[in-house]
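Input: a single structure, listed below in structure tokens.
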Amino acid sequence: MHDVIAELRWRGLIHQSTDDAGLPAWLVEKPRSVYAGFDPTADSLHVGHLMALMILRRFQQAGHRPIALVGGATGMIGDPSGKSEERNLLSVDQLRANVAGMEPQLRRFLNFDAGPGAAVLVNNFDWMGRFGYLEFLRDVGKHFPVNVMLAKDSVRSRLERTDAGLSYTEFSYMLLQAYDFVHLFNEYACEVQVGGSDQWGNITAGIDLARRLRGVQLYGMTCPLLTRSDGQKMGKSESGALWLDPEKTSPYQFYQYWINLDDADVATCLRFFTDLGQDTIDRVLAEHEADRGRRTAQRCLAAELTRLVHGPDGLTIAERATQIFFGAEIGELPEAQLQGIFADVPSRELPREKLQGNGLPMADALVAAGLAKSKGEARRTITHGGAYVNNRRAGELDRCLTLDDLVGESTIVLRSGKKKYGLLRFV
RNA sequence: GGGGGGUUUCCCGAGCGGUCAAAGGGGUCAGACUGUAAAUCUGAUGGCAAUGCCUUCGCAGGUUCGAAUCCUGCACCCCCCA
């Protein structure tokens, strides 16, 4: 069997493990089952989930069986780990919708069809939902010394804050996650849990519980939390999280995020998020070093990830839109080609009449296209020379869009700054 | 229970009767330089039918020609003494 730990190690994906010395050999011995949990806080996964997802994927590639757990039950409680304040509870309907949204996305990363190593998708609501309160307290709660629970980072940091409390509900969260681990051990012989470094406390809670309840030794491993060199959270764009759902974050926007990544972060991301091997990555990085202006590494990363998340078609669309916007003159594009990128670049529809007469003032157009929050902001952008119509600078405040500005049948391409595009479609 | 301090625009933080849409910093946006990078520099940064009008300084009232600034009450937070 492939040594998955060695693989994860060179990629920099190991932060802590419960048994640094023994784990590699134990994993090479025979296929094991590994699980990671995903709380359904939204109806789509986002880039923040990618780390754990890629780790499961690599375990599967190495011959192990990945188990993706969606937290239909734990999501009802809310994990205090890494959260500075108490969370609002999600409604049951919302949770159900969120779980439904995440499931097909998980399937993109893991293979659910292939024999003994086939991935498994479970929802902890299926076993937690039926658990009676008294039963749970007797069977599970009894094994948790409160002083140990209080010592966990996730709890302690919250208790130390004077401005944010910790409810009994969230305090109990770790019991649920701990029990999940034991349950998965019972049902799937799952012996390893992976997660972000903030999950350490929850993972070890599960290991302790398994020892007490079943007398078995389970394993845990965490990956580092990924932050960008400028301190921002990876995968956070100006407009919020980078979703894996193409309806929320289009393949074009997704692709653009990675294309724009700092040089300082690109090597790490290549190792974390692509399936490329060490040799290939080294070659790409060397090529990138040789001529940074070509952004070889970013292009490679963006292509690999977009293909993984949105498929070859998604990548094609993203690349084509990128070529059109950052390359050629827009003036003469055929309508058909514009249609292709419509779906992907934020666009708004407006009635065609707006272009008649004096036309549509530039500032209104920018606001309508979502490129400015207010007319004041739009005006500033224009005055500073940051507004473009069909890639041509439009610097005059009194500039109005008319029928003459249409590209193809019904489109006008607006841009604010260097790279923020918005399409207006006049129907 | 007693005493003191605080709540300002996206965030931090000045302002303490008019010249306050409110200093400064951060962030953000735009420009220059570049490589759709980083760093740096420049400008902008409540809204709008815009030489004006409207909304904003915890909430509600009051004093005043005029209040973020003064008074009263309320809410929340912090600190000190019991």
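The chains referred to below are lettered A, B, ... by the order of the sequence lines, with proteins before strands, and numbering in each begins at 1.
For CG of A/Asn358, the number of neighbouring non-hydrogen atoms (other residues, nucleotides, ligands) closer than 6.0 Å is 12 at most. Open room surrounds CZ on A/Phe125; 12 or fewer heavy atoms of other groups in view lie less than 6.0 Å from it.
B/A68 and B/U8 have their C1' atoms separated by 7 Å, given to the nearest Å. When the C1' atom is compared between B/C79 and B/G15, the two are found 24 Å apart, to the nearest whole Å. B/C16 and B/U34 are spaced 46 Å apart, taking the P atom of each and rounding to whole Å. With P as the reference atom, B/A60 and B/U9 are 15 Å apart, rounded to whole Å. Going from the C1' atom of B/C70 to that of B/G17 covers 7 Å, rounded to whole Å. Between B/C76 and B/G58, the two C1' atoms lie 8 Å apart (nearest whole Å). Straight-line distance between the C1' atoms of B/A82 and B/A75: roughly 25 Å, to the nearest whole Å. Straight-line distance between the C1' atoms of B/G13 and B/A22: roughly 13 Å, to the nearest whole Å.
Of all the heavy atoms in A/Phe38 and A/Ala68, the pair that sits closest is CE1-CB, 4.2 Å. Minimum interatomic distance between A/Leu56 and A/Val34 (heavy atoms only, all atoms of both residues): CD2-O, 3.9 Å. A pairwise comparison of heavy atoms in A/Met102 and A/Asp39 identifies CE-O, 4.0 Å as the closest pair.
Atoms NZ (A/Lys373) and P (B/C29) sit 8 Å apart, rounded to a whole Å. Distance CZ (A/Arg292) to P (B/C33): 21 Å, rounded to an integer number of Å. Put simply, CE on A/Met362 is 13 Å from C1' on B/A30, counting in whole angstrom units. Computed from coordinates, the A/Phe325 CZ to B/U36 P distance equals 16 Å when rounded to whole Å. Rounded to an integer number of Å, the gap from A/Trp258 CH2 to B/A37 C1' is 15 Å. Spacing between atom CG of A/Asp291 and atom C1' of B/A37 amounts to 13 Å, rounded to whole angstrom units. The interatomic distance linking A/Glu289 (CD) with B/A38 (C1') rounds to 13 Å, in whole Å. Here the P atom of nucleotide B/U36 and the CZ atom of A/Arg299 are 8 Å apart, to the nearest Å.
Distance from the side chain of A/Arg393 is smallest to B/G31 among B/C29, B/A38, B/G31. Comparing B/A49, B/U34, B/A37 by their nearest atom to the side chain of A/Lys375 picks out B/A49. Closest to the side chain of A/His288, from the set B/C29, B/G35, B/U36, is B/G35. The nucleotide whose nearest atom lies closest to any side-chain atom of A/Lys418 is, among B/U36, B/G35, B/U34, B/U34.
Checked by distance alone, A/Asp263 brings a side-chain donor or acceptor within 3.5 Å of a matching partner on the base of B/G35. A donor N or O paired with an acceptor N or O is not found under 3.5 Å between the base of B/G35 and the side-chain atoms of A/Arg294.
For the residue pair A/Gln199/A/Gln193, the side-chain donor-acceptor check at 3.5 Å is not satisfied. A side-chain N or O of A/Asp20 and one of A/Ser17 form a donor-acceptor pair less than 3.5 Å apart. A/Ser197 and A/Gln16 share no donor-acceptor pair across their side chains, judged by distance under 3.5 Å alone.
For the OP1/OP2 pair of B/A37 and a distance below 4.0 Å, the side-chain nitrogens and oxygens of A/Lys419 include at least one atom meeting the criterion.
Using a 4.0 Å heavy-atom distance criterion, A/Tyr388 is classed as a sugar-phosphate-only contact. Using a 4.0 Å heavy-atom cutoff across all strands shown, A/Thr383 reaches no nucleic acid atom at all. At the heavy-atom level, A/Arg415 lies nowhere under 4.0 Å from the strands shown. Here A/Gly386 lies in heavy-atom contact (under 4.0 Å) with sugar-phosphate atoms only.
Taking the six-membered ring where tryptophan is involved, the planes of A/His310 and A/Phe254 are perpendicular, since the angle between them exceeds 60° and thus also 30°.
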Taking N or O atoms only and anything under 3.5 Å, show me the protein contacts with nucleotides 43-46 of chain B, one pair per line.
residue : atom : partner  : partner atom : Å
B/G43   : O2'  : A/His384 : NE2          : 3.4
B/A44   : O2'  : A/Arg380 : NE           : 3.4

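Every stem involving RNA chain B, taken as at least 3 paired positions in a row under the Watson-Crick or G-U wobble test at 3.5 Å, is listed here: B:1-7 with B:75-81, B:10-12 with B:24-26, B:27-32 with B:40-45, B:46-48 with B:52-54, B:58-62 with B:70-74.
Positionally, the nearest nucleotide of RNA chain B for A/Gly293 lies more toward the 5' end than for the other of A/Val367 and A/Gly293.
Annotation: side chain to side chain contact (heavy atoms under 4.5 Å, CB included) contacts of A/Arg292 (sequence neighbours excluded): A/Asp263, A/His288, A/Glu289.
Screening A/Leu121, A/Asn98, A/Leu45 against A/Glu103 for a side chain to side chain contact (heavy atoms under 4.5 Å, CB included) leaves a single residue, A/Leu121. Between A/Ser250 and the choices A/Lys248, A/Glu247, A/Gln253, the side chain to side chain donor-acceptor pair (under 3.5 Å) rule is met once, by A/Gln253.
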